[in-house]
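Report on one structure; see the data block that follows.
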2 protein chains.
Amino acid sequence: MNNYFRSRIVIVEDNDAVREGFSLIINSVSNYYVVNAYDNAEDAIKNLRKDAPEIVLMDLELPGINGIEAIGVIKKNNPNIQLIVNTIYENSELVFQALCAGASGYITKNSSHTELLDAIDEVINGGAPMSSKIAKMVVNSFQKNPNSPLSSRETQVLELLSKGKSYSMIAQELFITKETAKSHIKNIYSKLQVNSKSEAIAKATKEKLI
Amino acid sequence: MNNYFRSRIVIVEDNDAVREGFSLIINSVSNYYVVNAYDNAEDAIKNLRKDAPEIVLMDLELPGINGIEAIGVIKKNNPNIQLIVNTIYENSELVFQALCAGASGYITKNSSHTELLDAIDEVINGGAPMSSKIAKMVVNSFQKNPNSPLSSRETQVLELLSKGKSYSMIAQELFITKETAKSHIKNIYSKLQVNSKSEAIAKATKEKLI
DNA sequence: AAGTATATCACCCATTTTGGGGGAATAGCT
DNA sequence: AGCTATTCCCCCAAAATGGGTGATATACTT
């Protein structure tokens with residue numbers, strides 16, 4: 001078959017059966033083909049320039065270097081490569097971290113032919129295939145904690161503080177005096193049981209107060 | 001039909017046909033029912049306590065107050081309510097903002113019976129229904145810009161700076177002297193063409209350098 | 001009616017932080 | 001040999017920070 005118009009795919013997967021199964025499926029369709037399949041991330045990274053894939057199917061449970069780290073390295077060296085994570089952990093924190101590290105989506109190891117090819121199609125078309133549960137985790141990650149001990153004004157002040165604004169700048173933006181901003185910050189520190197800007201930001205970030 | 005074991009749903013939608021269509025679909029199944037349907041967000045918000053829905057189907061293109069603002073208000077007053085956004089804008093920034101404001105997922109106005117009910121099922125089961133393209137936007141929102149002008153060390157320093165750390169604290173965490181941290185910050189400011197912490201953080205955040 | 005939380009503002013004071021100006025040395029890569 | 005990255009040093013003035021101890025007014029709850 002002529003490969004010139006087929007999208008190049010690299011597989012990184014230590015399980016021989018899964019790796020060969022995925023290869024067969026991908027090579028059976030006319031729009032994709034597997035340029036190379038590796039059983040570890042190190043070899044894959046070494047040959048990325050030469051393989052020049054559009055998409056990498058990446059196992060998260062790998063021997064040697066961690067799948068998450070591998071994603072980071074690949075994305076750093078080759079930002080245009082899209083990574084689809086391939087994992088047994090349906091809803092784990094690991095998948096979430098993979099998305100943060102730069103993955104474009106994920107499929108599970110027991111995916112059908114159709115699911116695998118659909119996921120690749122989606123990524124090629126600019127989408128991010130993932131389950132509804134993972135999507136929820138992702139969405140939750142930037143939604144605030146509704147049980148914040150801080151008042152709305154305090155939250156507002158803390159948000160500005162977290163953007164590196166000084167007391168005077170905060171005061172200016174909120175049309176209050178510097179002393180009032182300071183007063184809010186004192187109350188924030190007291191409520192969060194901290195006594196410095198960085199501690200307040202750290203705690204607020206951890207508990208999603210801002 | 002006995003409503004005691006059916007999940008309560010509120011619809012906010014100014015288009016009469018869509019509102020009534022959705023009501024009919026939802027009321028036709030045994031596990032959900034529409035407690036109330038409003039053509040504006042203000043009335044819906046007023047009656048939220050009384051209606052006590054588990055799910056609100058929220059139109060984004062509303063007369064009166066903005067759909068995004070409405071989501072914020074509803075989530076603030078009633079964090080346990082799950083919002084499903086209902087929009088004509090398949091891939092707009094608006095949908096993305098809605099998710100940030102607290103929505104749990106979205107469906108388009110021309111969704112089929114099945115798609116509507118599937119979306120509700122997913123939300124009830126802790127998922128976040130959304131298209132692959134929206135998922136991609138969401139995932140992209142916390143992935144870094146690969147074309148950063150900053151070196152990795154500088155990025156590291158700027159990340160700590162953005163957490164409210166002082167020069168001395170940064171130095172301590174990176175096992176360098178305060179002067180070196182300062183030197184990096186000088187270079188960061190020069191590369192980003194800014195001359196203060198807050199400007200640097202603002203620019204870096206905007207361009208996803210950190 | 002009393003209490004609590006919120007939001008606003010003021011002054012004092014010591015210590016730190018910040019940003020800008022000069023440098024310089026080492027390493028690595030092209 | 002030039003470039004970038006990373007490390008470190010000194011000087012200095014202005015700004016920011018955190019803690020203290022207040023006051024006033026509004027609003028909501030009990």
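Proteins come first, then strands; the chains are lettered A, B, ... in the order of their sequence lines, and each starts at number 1.
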**Fill in**
Only one of A:N86, A:D59, A:T87 passes side-chain hydrogen bond (donor to acceptor under 3.5 Å, both in side chains) with A:K109, and that residue is A:D59
**Request:** Please say whether more than 12 non-hydrogen atoms of neighbouring residues, nucleotides or ligands are located less than 6.0 Å from CD in A:Q172.
**Result:** no
**Request:** Starting from P on D:dA15, measure out to CD on B:E199 and report it in whole angstrom.
**Result:** 16 Å
**Request:** Mind checking B:K186 for me? I need base, sugar-phosphate or nothing, with any heavy atom below 4.0 Å counting as a touch.
**Result:** base
**Asked** Given B:K144 and B:E159, is the salt bridge (Lys or Arg N to Asp or Glu O under 4.0 Å) satisfied, shown in steps?
**Response** CA-CA 12 Å; B:K144 286 183 193 169; B:E159 252 155 18; 2.7 Å; yes
**Contact under 4.0 Å: B:S151 side-chain N or O vs D:dT4 OP1/OP2** = no
**Prompt:** Within the structure shown, what part of the strands sits under 4.0 Å from A:N187 by heavy-atom distance: base, sugar-phosphate, or nothing?
**Reply:** nothing
**Complete:** Atom OH of B:Y189 and atom P of C:dT17 are separated, to the nearest Å, by 14 Å
**Message:** Measuring from the side chain of B:K197 (C-beta onward, heavy atoms only), which nucleotide among C:dA7, C:dA10, C:dT18 has the closest atom?
**Reply:** C:dT18
**Message:** Pairing donors with acceptors under 3.5 angstrom, does anything connect the side chains of B:E199 and B:S196?
**Reply:** yes
**Item:** Between D:dA16 (C1') and A:K178 (NZ): distance, integer Å
**Value:** 7 Å
**Message:** Between the base of D:dC8 and the side chain of B:S183, is one N or O donor paired with an acceptor at under 3.5 angstrom?
**Reply:** yes
**Prompt:** Is a side-chain donor-acceptor pair under 3.5 Å present for A:S152 with A:T155?
**Reply:** no
**Prompt:** Should A:R153 be listed as having a side-chain N or O under 4.0 Å from OP1 or OP2 of C:dT8?
**Reply:** yes
**Prompt:** Is the shortest side-chain N/O distance from A:K191 to OP1 or OP2 of C:dT6 below 4.0 Å?
**Reply:** yes
**Message:** Does a side-chain N or O of B:T177 approach OP1 or OP2 of D:dC9 to a distance below 4.0 Å, or not?
**Reply:** yes
**Message:** Between P on D:dG18 and NE2 on A:H184, what's the gap in Å once rounded to a whole number?
**Reply:** 16 Å
**Complete:** A:Y167 atom OH is separated from C:dT17 atom C1', nearest whole Å, by 12 Å
**Prompt:** Could you give the NZ-to-C1' distance, from B:K165 to D:dA16, as a whole number of Å?
**Reply:** 19 Å
**Asked** Please give, in whole Å, the distance from D:dT6 C1' to B:F175 CZ?
**Response** 17 Å
**Fill in**
Atom CD1 of B:I188 and atom P of C:dG20 are separated, to the nearest Å, by 13 Å
**Request:** Between C:dG20, C:dC9, D:dT17, spot the one nearest the side chain of A:T180, thanks.
**Result:** C:dC9
**Prompt:** Taking for each residue the nucleotide of DNA chain D with the nearest heavy atom, is it B:L150 or B:I176 whose nucleotide lies nearer the 5' end?
**Reply:** B:L150
**Asked** Start at the 5' end of DNA chain D and walk down; is the nucleotide closest to A:K182 or to B:E179 reached first?
**Response** B:E179
**Item:** Under-4.0 Å side-chain N/O to phosphate OP1/OP2 contact, B:S166 with C:dT17
**Value:** yes
